[in-house]
Amino acid sequence: NEQVVEEAEEEYHSIIKDDERPKGPSDAHEFQAETRQLLDIVAKSLYSEKEVFIREFISNASDALEKLRYLELTGADVLSSDIPLEIHIKTDDSKKTFTVQDTGLGLTKQELIENLGTIAKSGSKAFLEQLKGNSPGNVSSSLIGQFGVGFYSAFMVGDKVDVFTQSYKPDEPAYRWTSDGSGTYEISEAEGVKRGTKIVVHLKGDCYDFSKEDIIQGIVKKYSNFVGVPIFLNGRRANIIQALWMNDPKDITDDMHEEFYRFIANSYDKPRYHMHYKTDAPLNIRALFYVPEYKPTMFDLSREIESSVTLYSRKVMITPNANTILPKWLRFVKGVVDSEDIPLNLSRELLQDSALIRKLRLVLTNRIIKFFIDQAKKDNEKYMKFYEDYGLFFREGIVTTTEQDQREEISKLLRFESSNLPEGERTSLQEYASRMKAGARNIYFLSAPSRHLAETSPYFEALKKKDVEVLFLYEAYDELVLMNLGQFDKKNMRSVENELADDKDDT
Ligand SMILES: Nc1nc(Cl)c2cnn(Cc3ccc(Br)cc3F)c2n1
């Protein structure tokens, strides 16, 4: 019946036709020498997996659409502004081609020539020196991303690339650019070209996989699921969930969090906590983190598991399981970090160890600790349940972190019974310190199998007489953790067992 047909028709929508034709003479151009060298490096070694050319194309297309959207908003005179802003991808496994088309800005002849040649102008010698200096992985990616050299990654998989483009500027002609990536390219005018850019990659023999729909479907889902414009693959919508981390936190309902959490955690669980963090200093960060409802299993506790944090730059994925974005002790946290300050083709080396990633990790770690401290104040019962299930990770954090101030930050999450509180209630080191007498310099703790044994211990009696509070530790590892911590807020952590032996009375 028409309802079903209606449904199906609504499903299928493609703008990719084969109406474009070159028109008139084509003039050949040479790549400048430096550009050529650079493009070779980009095409051969910069990207480890070939599939990232798709991410580069989608990133360029989504930039072109976002810029056009902005121009339309600011009232610029835009060609055929009734065309929807979309990205279309088509695979043709008979012709062995991969095609991506956007309805964005399009390129003028000047831009066609400049966008690849600009590097030759903008001091590419220094750029190439830097390149020769360290491994291509460390290339300053702002330049690469900026001038669309990412486009050139097409020659990793294609031995011929045709580009048909119509600029949004009303009286610009449309062009066809074509090249086999060997050093020359041709430009001619073209007809039958819609506004935007269409790139047809004729795939090399060992890259025919990129003409198969299911393979492309997986890659698009992996890298570009949250790109802010609709992406269609062979006429079917390919990107689904909106980039929740970019929304205003107060517009996000718990249901939306639950759905998003299930998508990124790939589980049917739901989150017990979510933390939505946006800042522009010292870095641009949009982060959305979740703590699972479920109690961690032995598997979750193992230090080998990959991080469940996915790293994005402006909604385009850089890497899944970005295991250096948070410290290992926070591996139970799942979520997304998006930073404009992170270059799209961040190399593995830079991800492993760079000042930028170290700064990002420190900012995020301190913010997560602050979040848990705030949650404990908001709902202590819920926090204590969380502490019961996930507290081991904090202990690991203290003993595996080297910087003392960072260790003391983590120790703010710990909770212990105390001689000053009724059985069953727990306190924090901060609260203990706030109850200390003026001039007191030690935080005392006693490790015992139970509260009864702690309270009847001769060690405790001595301090009780002096009305000194003692933390009761019922797990042997907590004694090790506090010994390891050593200090908190300039007070010394002291086990009363050692204390009695020394019998000093500088309590
Ligand atoms: N999709 C899209 N849209 C726009 Cl507006 C631009 C601008 N630059 N690039 C990258 C690029 C594409 C083709 C060629 Br030839 C050179 C080149 F740098 C773009 N890609």
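Note that ligands are numbered from 1 as they come in the structure, with each ligand's atoms numbered from 1 the same way. Just so it is clear, the model here is predicted, and its values are computed rather than measured.
Counting heavy atoms under 4.0 Å from ligand 1, residue L107 touches it through the side chain alone.
Remark: distances from the non-hydrogen atoms of G104 to ligand 1 are all 4.0 Å or more.
The CZ atom of F289 sits 8.5 Å away from the CG atom of L330 when rounded to the nearest 0.5 Å. Atom CG of residue L107 and atom CZ of residue F151 lie 9.0 Å apart, to the nearest 0.5 angstrom.
Under the 6.0 Å cut-off for aromatic ring centres, Y223 and F57 do not qualify, their centroids lying 6.0 Å or more apart.
Using a 4.0 Å cut-off to heavy atoms of G106, the atoms of ligand 1 that qualify are 5 (Cl). Under a 4.0 Å criterion applied to the non-hydrogen atoms of A64, ligand 1 contributes the atoms 3 (N), 4 (C), 5 (Cl). Close approach of ligand 1 to L105 (heavy-atom distance below 4.0 Å) involves ligand atoms 5 (Cl). Those atoms of ligand 1 with a heavy atom of L112 less than 4.0 angstrom away are 15 (Br).
At least one cation-pi condition fails for K334 and Y290: the charged atom is not both under 6.0 angstrom from the six-membered ring centre and inside a 45 degree cone around its axis.
Where the criterion is an N or O separation shorter than 3.5 Å, residue side chain and backbone included, D102 meets it with respect to ligand 1.
A side-chain N or O of D162 and one of H202 form a donor-acceptor pair less than 3.5 Å apart.
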side-chain contact (heavy atoms from CB on, under 4.5 Å) evaluation trace for V52 with M156: CA-CA 10 Å; V52 292; M156 291 192 296; 4.3 Å; yes
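Of the listed residues (N60, I113, T108, V163), the one carrying the non-hydrogen atom nearest atom 10 (C) of ligand 1 is N60.
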